[in-house]
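See structure below.
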Amino acid sequence: MRLLQRHLCTIAMSLVAVCTAHAATLVEPTLHIKPAASGAGRVALTLDACDGQTDTRILSVLVENKIPATIFVTGIWLKRNAAAVEIMRAHPDLFELENHGGHHIPAVDSPQKIYGIKSAGSPDAVLAEVESGAAALARTGEPAPKWFRGATAEYSPSAIAMIRKLGFKIAGFSINGDGGSLLGAKETARRIAAAKDGDVIISHINQPTHAAGEGVVQGLLALKAKGVTFVRLDDADGTGNHGTTD
Ligand SMILES: [Zn+2]
């Protein structure tokens with residue numbers, strides 16, 4: 001299939017000098033934390049704040065139940081959500097803010113589209129996305145971020161190497177809790193409640209009108225009821241594949 005694709009690609013290139021099959025093969029890295037030595041297990045909850053607003057259903061439940069979380073914020077989201085940032089900063093024991101990029105542009109250094117979003121498209125543009133995200137966080141007075149997660153959580157391998165050189169670990173995940181915030185409440189709750197010792201959950205905290213947010217709340221409360229411990233990425237030994245953490 002790949003040979004055929006390459007063949008067709010060569011033909012297409014000779015015609016139009018453009019060939020999408022030449023786009024980099026992307027990876028979606030996984031991340032696990034070290035399992036608990038005993039008890040009901042521990043999981044890391046990571047929530048992306050891509051753009052848009054704040055899902056206060058989730059934020060309130062985290063505060064009320066003292067559930068720690070790692071929040072991946074973009075520069076765009078930080079600008080529009082000052083009240084939520086204030087709540088997070090008022091609970092430094094609960095919230096660790098990390099780098100989700102300046103403008104929510106996928107960290108892919110060749111021009112292509114991922115889930116309909118245009119990639120950064122060049123090494124310089126990937127650098128700009130990572131560095132502007134870190135700079136936006138620095139302006140809030142937060143500690144310097146140590147983790148990066150790109151928009152769409154997919155990367156070109158060369159972008160991963162570049163981001164690691166900048167000193168960031170890259171945050172994959174092991175459980176896709178809310179399917180990009182597009183799943184229903186029931187399915188989201190089921191996925192999150194099924195988290196096992198060592199899992200890293202990804203969901204979203206920027207879509208207050210989506211049903212998925214209600215599912216995030218239910219799933220987290222189910223885990224808490226089981227006695228699961230929540231940890232932030234900085235407090236856990238996270239191991240990812242594709243050279244994202246080592
Ligand atoms: Zn995002």
Side-chain angles (χ1 to χ4, degrees), residues 26-31 44-59 62 69-82 84-85 88 95-109 112-121 125-137 140 142 145-156 159-160 162-163 166 168-183 188 191-192 200-213 215-216 219-220 232-233 238 240 242 244:
L26 304 185
V27 295
E28 187 180 274
T30 58
L31 180 67
L45 171 65
T46 69
L47 295 167
D48 290 2
C50 311
D51 49 21
Q53 296 170 300
T54 304
D55 192 334
T56 51
R57 294 170 296 185
I58 299 174
L59 187 57
L62 297 179
T70 306
I71 317 287
F72 282 91
V73 297
T74 65
I76 317 167
W77 185 87
L78 282 174
K79 240 183 219 171
R80 295 180 190 156
N81 291 272
V85 174
M88 289 174 188
F95 301 108
E96 169 189 340
L97 271 58
E98 297 290 352
N99 187 356
H100 196 34
H103 301 92
H104 207 246
I105 297 168
V108 172
D109 55 1
Q112 56 189 291
K113 277 191 174 177
I114 306 110
Y115 303 117
I117 306 180
K118 246 181 159 178
S119 67
V126 170
L127 283 183
E129 171 69 359
V130 178
E131 286 179 337
S132 61
L137 263 171
T140 67
E142 276 294 295
K146 299 184 190 76
W147 290 86
F148 177 81
R149 174 181 285 151
T152 74
E154 293 197 12
Y155 311 81
S156 47
I160 289 178
M162 225 162 50
I163 297 162
L166 290 173
F168 292 98
K169 289 182 179 184
I170 294 170
F173 56 88
S174 63
I175 290 194
N176 186 343
D178 65 353
S181 176
L182 297 174
L183 290 175
T188 301
R191 288 185 180 197
I192 292 177
V200 175
I201 301 167
I202 183 176
S203 285
H204 290 76
I205 193 165
N206 65 316
Q207 299 285 5
T209 61
H210 289 195
V216 171
L220 291 176
R232 304 178 304 186
L233 293 186
H242 297 295
T244 49

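Ligands are counted one by one from 1 in listed order, and the atoms in each one are counted from 1 as well.
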Does Q53 have more than 12 heavy atoms from other residues, nucleotides or ligands lying within 6.0 Å of its CD? no
State whether the side chain of D178 and the backbone N or O of T188 hold a donor-acceptor pair below 3.5 Å, judged by distance alone. no
After noting the C-alpha distance and the side-chain angles of I202 and F72, does the key distance pass the side-chain contact (heavy atoms from CB on, under 4.5 Å) rule? CA-CA 10 Å; I202 183 176; F72 282 91; over 6 Å; no
Run through the protein N/O/S atoms less than 2.8 Å from the Zn ion (ligand 1) and write them out by chain and number. C50 SG, H100 NE2, H104 NE2
If I take atom OG1 from residue T152 and atom NZ from residue K113, how far apart are they, to the nearest 0.5 angstrom? 13.5 Å
For K118, all residues meeting side-chain hydrogen bond (donor to acceptor under 3.5 Å, both in side chains), sequence neighbours excluded: none
So, taking the atom named NE2 in H104 and the one named CD1 in I76, what distance separates them when rounded to the nearest 0.5 Å? 7.5 Å
